[in-house]
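One structure below.
Values in this document were obtained by computation on a predicted structure and should not be read as measured data. We count ligands from 1, going down the list as the structure has it; atoms in each ligand are counted the same way.
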Amino acid sequence: MLYGHIGVALAAKPIEPKTPTSALLIATSLIDFLCGIFVISGIEWVKPDGTSSMPWSHGLFMGVVWMLATYGVTWLISKNRKMSLILALLVFSHWVLDFISHPMGMGQDFPKDIPLLFENSPKVGLGLYNSAIVAFVTDIGLLAIGSVIFLVKSKTKNRSGRWAFVVLILYMAIFPLSLLLPEKLSIATTFLPLGYIPLGYWLDKNRTYQKWK
Ligand SMILES: [Zn+2]
């Protein structure tokens, strides 16, 4: 799953509008970001044939650890229990959605790739994204639903607030293009989620947000 995670982040904004949008976007992308870092450092690997070893980022046990760590760090910074809980749950939502969508064969028969514990532990995954069409519809559908919720529950203060959202969507469109890049360059795409920091700041500075009632 790619854009679906972003859809979940955007949909969560009205639950506690004080939560920075960049934090929401980073939270749902954290596990993939970590996976990229671990692949670069040789701790994990992912091959084009669908085989992989990613227990430190995508394992169920570590998913719970990343969730608890997010709660702790956010609590220390914000002292806001609700914000900490939302961000922690968003981090774990990545594991849940990956469990449903992986393995992402997109028409090819890929092996299950989400570990329960560590290396050599059983791997799980319901395989929703083994079908390319289901993957496309689900990913774009979740992003669309999240975007509608985000836009309906917020207002632009000025023109910049509208453009910030358009730029966020265009920025995300870069992600799949990384698949066309040579392997060495595609490593750079690991760091694309860091772009959510200025984009989220830009959104929050130029929009006002409503809470779910
Ligand atoms: Zn993932």
Side-chain angles (χ1 to χ4, degrees), residues 1-12 22-70 86-108 110-119 121-132 134-143 145-146 171-179 181 183 186-196:
M1 185 167 286
L2 178 64
Y3 297 124
H5 296 302
I6 302 303
V8 173
L10 293 173
S22 37
L24 297 167
L25 295 167
I26 298 265
T28 56
S29 315
L30 182 71
I31 284 180
D32 279 350
F33 178 65
L34 290 172
C35 185
I37 301 287
F38 293 156
V39 167
I40 291 169
S41 36
I43 297 167
E44 295 189 340
W45 52 267
V46 180
K47 286 187 184 164
D49 65 358
T51 57
S52 63
S53 171
M54 41 186 193
W56 295 98
S57 60
H58 281 77
L60 173 59
F61 178 78
M62 286 308 294
V64 173
V65 171
W66 299 128
M67 174 177 70
L68 296 175
T70 302
I86 290 166
L87 290 174
L89 289 175
L90 285 179
V91 166
F92 193 69
S93 79
H94 186 107
W95 190 90
V96 175
L97 289 176
D98 274 9
F99 166 69
I100 296 167
S101 56
H102 280 234
M104 303 204 291
M106 310 274 186
Q108 296 174 64
F110 278 6
K112 290 188 194 304
D113 58 353
I114 303 288
L116 287 179
L117 294 167
F118 294 100
E119 198 68 53
S121 69
K123 289 180 176 174
V124 294
L126 301 181
L128 188 70
Y129 280 22
N130 268 329
S131 155
V134 174
F136 181 79
V137 171
T138 309
D139 238 42
I140 300 301
L142 282 174
L143 177 62
I145 293 168
Y171 181 73
M172 284 189 297
I174 303 173
F175 282 45
L177 296 179
S178 67
L179 299 173
L181 293 170
E183 203 179 324
S186 73
I187 282 173
T189 59
T190 293
F191 300 100
L192 282 177
L194 295 180
Y196 294 146

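Counting only distance, with no hydrogens or angles, the side chain of His94 and the backbone of Ser29 share no donor-acceptor pair below 3.5 Å. With Lys112 contributing its side chain and Gly125 its backbone, the two residues share a donor-acceptor pair below 3.5 Å.
Between the Zn ion (ligand 1) and the N, O or S atoms of Asp32, the shortest distance is to OD1. The atom of Asp98 that is an N, O or S and sits closest to the Zn ion (ligand 1) is OD2.
Among residues two or more places apart in sequence or in another chain, the side chain to side chain donor-acceptor pair (under 3.5 Å) test is passed with Ser57 by Glu44.
Residue side and main chain included, His94 places an N/O/S atom under 2.8 Å of the Zn ion (ligand 1). The nearest N, O or S atom of His58 is closer to the Zn ion (ligand 1) than 2.8 Å.
Contact check for Leu126 versus Phe99: side-chain heavy atoms found under the 4.5 Å cut-off.
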